[in-house]
Amino acid sequence: MVDRSSSSMGFYCWNSLFYWLCLTSILFLLSSFFVLRSTGRPQFVFRPSSDANIVSDNINSGGGAAVFCEKVIAERGVRKEVLKVFMYDLPPEFHFGLLDWKPEGSNVWPDIRTTVPNYPGGLNLQHSIEYWLTLDLLFSEYSGSSNSRVAVRVRNSSEADVIFVPFFSSLSYNRFSRLRKQERTSLDKLTQDKLVQYLEAQEEWKRSGGVDHIIMAHHPNSLLYARNQLWPAMYILSDLGRYPPNIANVQKDIIAPYRHVIKSYVNDTSTYDSRPILLFFQGAIYRKDGGVIRQELFYLLKDERDVHFTFGSIQRGGVNNATQGMHSSKFCLNIAGDTPSSNRLFDAIASHCVPVIISDEIELPYEDIIDYSEFCIFVRTSDATKEKFLMNLIRGISKEEWTRMWRKLQEVEKYFEFRYPSRDDDAVQMIWKSIAHKVPAVKLKLNRNRRHVRTSNVSVDSEPPAFMVPHNFW
């Protein structure tokens with residue numbers, strides 16, 4: 001009897017405790033609800049809104065959230081983030097003066113609203129990015145608040161993301177690197193020496209050690225004398241073939257495309273069957289360094305049917321012949337030359353001729369955005385020089401796969417077109433975007449290296465510079 005009554009008492013106690021807990025929980029929830037209503041703060045109750053309906057309509061129709069965001073930005077006039085660029089007012093001898101432009105009075109820059117100096121044609125055009133980027137910055141001051149702009153020029157360097165050095169180094173090399181009569185030093189070297197002196201005297205360079213500076217050296221031989229002194233800057237290059245890794249590397253620098261020399265294939269309605277040449281190459285065959293593979297491939301492929309592999313240059317209608325040949329070919333060889341890169345890759349893209357890249361050390365423009373394997377064939381040098389390997393690979397690619405890559409080439413070709421004024425996602429804007437991608441890393445390293453600036457300046461012997469770049473900076 002004692003056990004039964006005690007267990008009965010326990011049962012009633014637990015039931016009572018349970019009821020009290022439930023009651024207090026309900027009262028707590030009700031009080032919270034009324035408190036929230038009385039404060040006028042947002043309530044946790046979903047009410048359909050016009051924006052929510054727009055989101056739903058766009059997602060249900062396949063537009064997706066990204067499309068919706070773009071529409072809202074466009075409708076509400078919200079401007080996208082742009083790269084703010086401070087450009088030095090270098091004397092004309094560093095830029096448009098190399099194009100024989102004569103300044104009027106104290107003007108440093110041509111008035112591009114009335115006259116745009118012409119850039120020399122031929123092979124000079126391959127490395128003309130310095131011309132297009134400088135023009136784009138000048139134009140940004142007249143283009144208003146266009147939402148299509150990626151980079152704008154700012155006059156206050158403290159507001160800038162990067163500092164732009166408008167030295168036409170490739171043009172300087174092409175025109176003035178050879179010694180003239182009675183000259184002991186080339187004009188190109190003298191200009192580079194002046195550039196180093198100019199930059200090292202600027203407050204912007206002293207403030208950052210040059211780390212946030214943009215210097216163009218697209219021709220592999222350009223900036224030959226100054227590169228070891230200006231190495232902390234971000235270089236814009238065609239490849240890394242003639243640079244030691246402590247001077248230039250993909251972590252620090254930008255790889256930019258060549259400007260193609262042959263004509264673009266406009267209104268391309270060709271098909272796999274309408275292009276009679278299977279594999280095309282026309283150019284210099286006997287090269288130095290990594291380019292010796294061209295000679296090996298010439299002897300392997302010269303007797304293959306449907307293969308065009310010959311020596312060629314821009315002389316005597318060479319550009320027209322190459323244009324016609326690439327437009328008539330299914331695949332175009334891009335083989336390493338004296339350096340890993342070649343303008344031939346971008347000629348092939350403009351021709352919608354599927355590039356076959358044989359260059360183990362090549363670096364490609366904006367590869368963090370573009371997957372080149374979707375429209376290019378990559379072959380290791382060790383494989384390409386094997387008997388029949390390359391031809392078996394090319395002949396094994398089906399008509400359907402080639403057509404898919406041909407269509408992709410037409411989608412991506414806009415990324416490699418240099419235009420003035422620049423257009424959405426053309427080569428000029430893509431280079432600015434590549435620079436913008438580097439900005440956070442540059443700012444991180446600058447901030448980290450400023451940690452001990454105050455204590456570094458305390459010295460009994462001599463005062464070190466305000467900012468020091470360590471040897472292992474990158």
Side-chain angles (χ1 to χ4, degrees), residues 88 90 94 126-127 129-130 133 162-174 176-177 185-186 188-202 204-258 288-291 336-342 359-368 431 434-435 437-446 448-449 465 467-474:
Y88 285 121
L90 281 172
F94 291 99
Q126 296 180 95
H127 304 292
I129 63 163
E130 50 208 25
L133 292 180
V162 291
I163 311 297
F164 186 79
V165 181
F167 173 42
F168 290 5
S169 61
S170 296
L171 187 61
S172 179
Y173 171 77
N174 281 330
F176 304 110
S177 60
T185 305
S186 70
D188 179 42
K189 184 182 185 305
L190 292 174
T191 307
Q192 291 181 46
D193 292 340
K194 289 181 183 179
L195 179 70
V196 172
Q197 293 175 6
Y198 177 93
L199 291 177
E200 291 181 343
Q202 303 306 306
E204 289 81 8
W205 184 276
K206 294 176 183 178
R207 187 167 60 228
S208 69
V211 171
D212 55 357
H213 283 52
I214 307 296
I215 296 178
M216 298 167 289
H218 199 257
H219 191 290
N221 293 329
S222 62
L223 209 73
L224 188 62
Y225 305 102
R227 61 179 62 171
N228 289 356
Q229 296 166 272
L230 304 178
W231 68 267
M234 186 187 305
Y235 291 148
I236 302 183
L237 309 169
S238 58
D239 61 46
L240 304 173
R242 291 183 175 166
Y243 286 81
N246 62 321
I247 300 298
N249 53 74
V250 292
Q251 286 74 36
K252 176 176 77 74
D253 303 306
I254 300 294
I255 300 299
Y258 293 63
K288 301 176 292 184
D289 303 327
D338 293 344
T339 64
S341 68
S342 166
S359 181
D360 295 344
E361 304 299 324
I362 194 170
E363 297 292 346
L364 298 166
Y366 14 94
E367 200 169 4
D368 56 339
I431 293 171
S434 296
I435 293 171
H437 291 173
K438 302 282 188 183
V439 168
V442 168
K443 290 184 176 179
L444 171 64
K445 293 184 181 295
L446 285 174
R448 288 176 64 86
N449 279 275
F467 181 84
M468 299 180 66
V469 181
H471 293 298
N472 60 347
F473 187 76
W474 292 101

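Summarising the geometry, atom CD1 belonging to Ile254 is positioned 9.0 Å from atom CG belonging to Leu237; distances are rounded to the nearest 0.5 Å. To the nearest 0.5 Å, the span separating CD1 on Ile163 from CG on Leu199 amounts to 11.0 Å. To the nearest 0.5 Å, the span separating NE2 on His218 from CG on Leu133 amounts to 10.0 Å. Atom CE of residue Met234 and atom OG of residue Ser434 lie 10.0 Å apart, to the nearest 0.5 angstrom.
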Using side chain to side chain contact (heavy atoms under 4.5 Å, CB included), reason through Tyr235 and Ile247 one step at a time and then give a plain yes or no. CA-CA 9 Å; Tyr235 291 148; Ile247 300 298; 4.1 Å; yes
Pair Phe167-Glu130, side chain to side chain contact (heavy atoms under 4.5 Å, CB included): steps then yes or no: CA-CA 7 Å; Phe167 173 42; Glu130 50 208 25; over 6 Å; no
Let me see the working for Asp253 and Ile236 under side chain to side chain contact (heavy atoms under 4.5 Å, CB included), right down to the final yes or no. CA-CA 6 Å; Asp253 303 306; Ile236 302 183; over 6 Å; no
Derivation and outcome, side chain to side chain contact (heavy atoms under 4.5 Å, CB included), residues Leu195 and Thr191: CA-CA 6 Å; Leu195 179 70; Thr191 307; 5.8 Å; no
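Ring geometry, Tyr198 versus Phe94: the interplanar angle falls from 30° to 60°, so the pair is classed tilted.
Under the salt bridge (Lys or Arg N to Asp or Glu O under 4.0 Å) criterion, Asp193 pairs with Lys189, not counting sequence neighbours. Not a single side-chain hydrogen bond (donor to acceptor under 3.5 Å, both in side chains) links Tyr366 to another residue, sequence neighbours left out. In this structure, Phe176 has no ring pair (Phe, Tyr, Trp, His ring centres under 6.0 Å) partners at least two apart in sequence or on a different chain. Every residue two or more places apart in sequence or in another chain was checked for a side-chain hydrogen bond (donor to acceptor under 3.5 Å, both in side chains) with Asn228, and none qualifies. In this structure Pro245 satisfies the side chain to side chain contact (heavy atoms under 4.5 Å, CB included) test with no other residue, sequence neighbours excluded. Take Ser341 and apply the side chain to side chain contact (heavy atoms under 4.5 Å, CB included) test, not counting sequence neighbours, and it matches Ser238, Asp239, Tyr258, Thr339.
Within the 4.5 Å cutoff, the side chain of Tyr88 has heavy atoms near those of the Gln202 side chain. When side chains are defined from C-beta on, Gln229 does not count as touching Gln192, because their heavy atoms never get closer than 4.5 Å. Counting heavy atoms from C-beta on, the side chains of Trp205 and Val196 never come closer than 4.5 Å. With contacts defined as side-chain heavy-atom distances shorter than 4.5 Å, the pair Arg242/Asp338 qualifies. Here the side chains of Asn174 and His219 are in contact, with some heavy-atom distance below 4.5 Å.
Residues Tyr173 and Asn221 have side chains that bring a donor and an acceptor to within less than 3.5 angstrom of each other.
Arg227 contributes a side-chain N or O that, together with a main-chain N or O of Leu223, makes up a donor-acceptor pair within less than 3.5 Å. The closest donor-acceptor contact from the side chain of Ser359 to the backbone of Pro340 lies under 3.5 Å. Formation of a donor-acceptor pair under 3.5 Å by the Lys252 side chain with backbone atoms of Trp231 is found in this model.
Atom NZ of Lys438 sits in a crowded spot, with more than 12 heavy atoms from other residues, nucleotides or ligands closer than 6.0 Å. Atom CD of Glu361 is surrounded by 12 or fewer heavy atoms from other residues, nucleotides or ligands within 6.0 Å.
Exactly one residue among Pro220, Ser222, Ser169 makes a side-chain contact (heavy atoms from CB on, under 4.5 Å) with His127. That residue is Pro220.
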